[in-house]
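Input: a single structure, listed below in structure tokens.
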Amino acid sequence: MTAADTRDLTIAEVRLTPILVADPPLLNTQGVHQPYTPRLIVEVVTAGGITGVGETYGDTKYLELARPFAARLTGRQVGDLNGLFTVADQVAVDASRVAGQVDVGGLRGVQTADKLRLSVVSAFEVACIDALGKALGLPVHALLGGKVRDAVEYSAYLFYKWADHPEGVPAEKDDWGAAVDPAGVVEQARKFKERYGFTSFKLKGGVFPPDEEIAAVRALAEAFPGHPLRLDPNGAWSVETSLKVAKELGDVLEYLEDPALGTDAMAEVAAATDVPLATNMCVTTFAEIKEAFTRDAVQVVLSDHHYWGGLRNTQQLAAICRTFGVGVSMHSNTHLGISLAAMTHVAATVPGLHHACDSHYPWQSEDVLTHRLTFDAGKVTVSDAPGLGVELDHDKLALLHQRRRDNDGSLHDRDDAAAMRIADPDWVTPAVPRW
């Protein structure tokens, strides 16, 4: 590469575009999704005129960190990925923004300044790798060492759901209908299978008493025999309740995800059941791995490049999991096509990916890409085009950005409990364990 080529890979501009994206009334243990969820789109532009794109959470606390971070990137090489973490350490985090907060976007436990930084770095890392791939004419998976599979399998992400957002709340309509009982959950699963070809199903639990959710999973097992099933109550259950559910569903569950909150409780559950336990709540940083693995508290880690700090950290996590004989798959938040493309590229490079990855993408009716990514038989084909293989639609981006600008600020930060209080003014986020 010549000196001129190197100059072309210098970061000349970074654009940050916060947006609001339509979200259906999906229920979880903390409440219900708001009608629009905040996301942040990152564009890294090189001196050679190439633009790479990334995506992450768009809440105010992420924006407050992303802006000074972006300002420090101009003049740096787009390929200096390790340097992104050095830059992040130089940006102060307002402690009041994260102290004691639960990260609702991923329901992954208490937020910290380090987790916040990693969630921001991830979007910039993806954008830089996308730009580098475009400049070199290589797909992202090639820059990560090469793909070991041509398509990545995803699981249908089922939710208890209202038919509509509360009356009087501006929202986009959807055609999924309600799912508040076993019959509704099964019908939702049928639509997922018909529309996208998914062959495994995950139900977001912690919404109704455990016996009702046991009945829903049993109904799924009857309707879709032989299909892998998962249940995720986001730590809403006690150890005793977790063991009861594991006993009731042990013959049909692929794994039980975060039934109880924290490594101590998960270790206690794991010691008393043969049902594998998965997590995206008690193992969310490298520092949390040692205790969880040495205590055999989890058997599957659900990685998420957004809060692990990017695609390369995700690969490091997968390697550690292989070392300890722990399975690995992928967690999902409310994301758009940029993130799905990034997830697919990194998942394509991970050996031993024996569990279908999670994805919210079918729930999102809006996107910022010129062409939506598609699922064929529940899988996304790994693109061999340069970079991520996606193209930003600036008209769509501008529309979703204007929606955020027009909002009074009430939706700039995701708050499932606040959304639930519109329907139930007395709603208080339940204490854990809820059951």
Side-chain angles (χ1 to χ4, degrees), residues 11-24 33-60 62-63 66-67 70 73-74 78 120 122-124 126-135 139-140 165 169-175 195-196 306 333-345 359-375 380-381 383 385-414:
I11 297 175
E13 181 185 4
V14 179
R15 294 193 288 262
L16 305 179
T17 309
I19 60 176
L20 286 178
V21 181
D23 209 8
H33 288 204
Q34 294 166 301
Y36 300 99
T37 196
R39 297 296 286 176
L40 173 63
I41 305 302
V42 174
E43 297 174 82
V44 170
V45 185
T46 70
I50 292 173
T51 300
V53 294
E55 173 192 347
T56 191
Y57 306 97
D59 305 66
T60 305
Y62 297 97
L63 289 175
R67 287 174 177 135
L73 295 186
T74 304
V78 75
V120 170
S122 66
F124 289 91
V126 169
C128 286
I129 297 177
D130 182 35
L132 186 61
K134 290 173 179 174
V140 164
H165 285 281
V169 175
E172 309 302 312
K173 292 290 185 180
D174 67 73
D175 64 351
R195 295 177 183 184
Y196 305 106
H306 298 90
N333 57 53
T334 307
H335 64 82
L336 300 178
I338 296 172
S339 284
L340 181 59
M343 292 165 64
T344 301
H345 274 278
S359 178
H360 278 70
Y361 191 61
W363 288 112
Q364 311 319 135
S365 59
E366 300 176 323
D367 206 343
V368 293
L369 300 181
T370 54
H371 297 94
R372 285 182 65 90
L373 276 69
T374 58
F375 296 90
V380 175
T381 300
S383 173
L388 290 173
V390 299
E391 182 179 349
L392 196 61
D393 186 319
H394 285 92
D395 290 336
K396 294 178 182 176
L397 182 66
L399 181 67
L400 300 185
H401 177 55
Q402 188 61 47
R403 177 187 288 156
R404 187 183 187 279
R405 289 172 58 89
D406 292 341
N407 181 257
D408 60 7
S410 61
L411 298 177
H412 289 187
D413 298 289
R414 178 174 167 178

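These numbers come from a predicted model, not from an experiment.
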Legend entry - Donor-acceptor contact present, side-chain H401 to main-chain I19, <3.5 Å: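 Pair absent, no side-chain N/O of H401 close to backbone of I19.
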Inset, instruction - Report yes or no: does H412 contribute a side-chain atom to a donor-acceptor pair with the main-chain N or O of R404 at less than 3.5 Å? - result: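 Yes, because the side chain of H412 sits within donor-acceptor range (under 3.5 Å) of the backbone of R404.
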Separation of [Y] [atom2] from [X] [atom1] (nearest 0.5 Å):
| X | Y | atom1 | atom2 | answer |
| --- | --- | --- | --- | --- |
| L132 | I50 | CG | CD1 | 9.0 Å |
| T37 | L20 | OG1 | CG | 8.0 Å |
| F375 | T381 | CZ | OG1 | 11.0 Å |
| D393 | L369 | CG | CG | 8.5 Å |

Inset, instruction - For side chain to side chain contact (heavy atoms under 4.5 Å, CB included), just list the numbers for V126 and E55, CA-CA rounded to whole Å, side-chain angles, deciding distance to a tenth of an Å, and then say yes or no. - result: CA-CA 8 Å; V126 169; E55 173 192 347; over 6 Å; no
Inset, instruction - Could you walk me through whether L392 and I41 pass side chain to side chain contact (heavy atoms under 4.5 Å, CB included), step by step? - result: CA-CA 10 Å; L392 196 61; I41 305 302; 4.3 Å; yes
[X] side chain near [Y] side chain, heavy-atom distance below 4.5 Å:
| X | Y | answer |
| --- | --- | --- |
| D130 | I338 | no |
| R15 | T51 | yes |
| R39 | H335 | yes |
| H306 | S339 | yes |
| Y57 | N333 | yes |

Which atoms form the tightest heavy-atom contact between [X] and [Y], and what is the distance?
| X | Y | answer |
| --- | --- | --- |
| S359 | L340 | OG-CD1, 3.8 Å |
| V390 | K134 | O-NZ, 4.2 Å |
| L40 | A66 | CD2-CB, 3.8 Å |
| Y36 | P170 | CE1-O, 3.6 Å |
| V53 | E43 | CG1-CG, 4.2 Å |
| G337 | L373 | O-CD1, 4.1 Å |

Legend entry - Within 45° cone and under 6.0 Å: R372 NZ/CZ vs Y361 ring: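 Yes, a cation-pi geometry.
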Legend entry - Partner residues of E391 under the salt bridge (charged side-chain N to carboxylate O under 4.0 Å, His left out) criterion, sequence neighbours left out: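 For E391, no residue satisfies salt bridge (charged side-chain N to carboxylate O under 4.0 Å, His left out) once neighbours in sequence are set aside.
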Inset, instruction - Name all residues meeting the side-chain hydrogen bond (donor to acceptor under 3.5 Å, both in side chains) criterion together with H33; count only those two or more places apart in sequence or in a different chain, and write none if there are none. - result: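 Expected list: D23, R414.
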Inset, instruction - For V42 and L16, run side chain to side chain contact (heavy atoms under 4.5 Å, CB included): C-alpha distance rounded to whole Å, both residues' side-chain angles, the deciding distance at 0.1 Å, then the answer. - result: CA-CA 5 Å; V42 174; L16 305 179; 3.8 Å; yes
Legend entry - K396/E366 salt bridge by N-O under 4.0 Å criterion: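 Salt bridge absent between E366 and K396.
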